[in-house]
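Just follow the structure's listing: the first ligand is 1, and inside any ligand the first atom is 1. The residues of the chain are indexed from 1 along the displayed sequence.
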Amino acid sequence: MTDRNQTLFERAKTLIPGGVNSPVRAFKAVGGTPRFVQRAQGAYFWDANEQRYIDYIGSWGPMILGHGHPAVLEAVQQAALEGFSFGAPTEREIELAEELVKLVPSLEMVRLVSSGTEAGMSAIRLARGATGRKKIIKFEGCYHGHADALLVKAGSGLATFGNPTSAGVPPEVVQDTLVLEYNNLEQLEAAFAEHGAAVACLMIEPIAGNMNFVRASVPFMTRCRELCSQHGALLVFDEVMTGLRVGLGSAQGHYASLIPGFEPDMTVLGKVIGGGMPLAAFGGKRAVMELLAPLGAVYQAGTLSGNPVATACGLATLRELQKPGFYEALSARTQRLVAGLTEAAHGAGIPFCGDSQGGMFGFFFMDQLPQNYARVMTTDGARFNRFYHGMLERGVYFAPALYEAGFVSSAHSDADIEATVAAAREVFAQL
Ligand SMILES: *Cc1c(COP(=O)(O)O)cnc(C)c1O
């Protein structure tokens, strides 16, 4: 039988660098041929060979209702009939802003954009404009999109300014980005002691999904908040992945339930809020947001920003999420998946642990959940890759890299979870 995925991959590679339009899709980390998606429905997608997969990526997070949810489809079809893009304001942009401000309590105003990268980059420009300062703090293993100033890893030695992680980023562009170890209180204290007066913002993934699944500890998050406040820096929550994914109040709602009065100063959103369409946002307090053009001196713009079809998709998605019991059911199913995988691995004598919040999960081939990027990277990569391909052959699609989180949607049934765990039991027995 000819493998149509392989045929398409070869054809793609002649025209598109690496055959893909975003690197992780190329399966470089796990080896093998990427699956070219033909169509998707509910919890499943079908590849170019008509093979069905249970989809635990859901477009890397946005598809929290599964694929082709009827209410979302109807909203998108209606919006498309009314016009694709106007470059002039629409009522749906206000409605979406109203929903976001209502759901995420720290937001007083938002600006809509088209990607998480754009939102994160704009949030940093705004933080710098608002504080008149240059330096930003980020953490190793957190991803905030591919803006130049954020493509940076820690330099040698502790708490140093970073080195670019990509060719084409001049060292000068990252010289004001301080890269610290996640969950490392000592480095955090030292960085503020030395540079506090120059720090415009601290940007963090509160539950870091770009190193699989690592939570900021409560003491660490508490100190991030205190030090930002003491030094006049803005605390920026990158909730592109966690926003409306881990709960209705997002990760900040979770931390507010653990740390009385907790709030970030600014929030970056994407993925779920667009329901699968190119839509993202950044927002915060009125006084800061009003520094944006056309009111203020911080420039920011976009031809397709607040696109009418994307806002219709996002709004319809957000409305479904607010139905009673939505997150309780999603969390329960996600927990069942992680517990089932853990039990199956332990049954085969394989070190394994996992964690989840709402509809986001991660698992590791190790005994204890890692607290930072260096620990995540000690995962047994060869074993993960064998597991990955074993699951893929059995029609289960996880993220094709061990440092990426997974996602369960409301379309995943108990039977899907059980089938996944049963497949894992077979694969673990062979590892
Ligand atoms: C996906 C992601 C981004 C980038 O969003 P894009 O829409 O891919 O540009 C930024 N931050 C986090 C935490 C993300 O998960």
Where is the nearest protein heavy atom to atom 6 (P) of ligand 1: which residue, which atom, and how far? Gly116 N, 3.4 Å
Which heavy atom of the protein is the closest neighbour of atom 8 (O) of ligand 1, given with residue, atom name and distance? Thr117 OG1, 4.6 Å
Within 4.0 Å of some non-hydrogen atom of Glu205, the atoms of ligand 1 are 13 (C)
Is there a donor-acceptor contact under 3.5 Å linking the side chains of Arg215 and Gln357? yes
Of Phe398, Phe27, Phe363, which is the lone residue that meets ring pair (Phe, Tyr, Trp, His ring centres under 6.0 Å) with Tyr388? Phe27
Taking atom CZ of Arg375 and atom CE of Met211, what is their separation to the nearest 0.5 Å? 13.0 Å
Quick one: ring pair (Phe, Tyr, Trp, His ring centres under 6.0 Å) partners of Phe220, sequence neighbours excluded? Phe139
Check whether Glu108 reaches the backbone of Gly284 with its side chain - one donor and one acceptor, N or O, closer than 3.5 Å. no
Please work out, at 4.0 Å between heavy atoms, whether the side chain, the backbone, both, or neither of Asn210 comes within that distance of ligand 1. side chain
Does any N or O atom in Tyr143 lie less than 3.5 angstrom from one in ligand 1, N or O only? yes
Give yes if a backbone or side-chain nitrogen or oxygen of His144 is under 3.5 Å from a nitrogen or oxygen of ligand 1, and no if not. no
Would you check whether His146 reaches within less than 4.0 Å of ligand 1, judged by its heavy atoms? no
Report the distance from atom CD of Gln38 to atom CH2 of Trp46, rounding to the nearest 0.5 Å. 11.5 Å
Quick one, Asp47 and Tyr53 - any side-chain contact, counting heavy atoms below 4.5 Å? yes
Protein contact to atom 3 (C) of ligand 1 [nearest heavy atom, distance to 0.1 Å]: Val240 CG1, 3.7 Å
Just to confirm my output: which protein heavy-atom neighbour is closest to atom 15 (O) of ligand 1, and how far is it? Lys271 NZ, 2.6 Å
With heavy-atom distances below 4.0 Å as the criterion, list the atoms of ligand 1 near Gly145. 4 (C), 10 (C)
Provide the closest heavy-atom pair for Arg225 versus Ala233 in the form atom of the first, atom of the second, distance. NH2-O, 4.5 Å
Would you mind running through ligand 1 and noting each atom that sits below 4.0 Å from a heavy atom of Ser115? 7 (O), 9 (O)
Residue, atom and distance of the protein heavy atom nearest atom 11 (N) of ligand 1 read Asp238 OD2, 2.7 Å
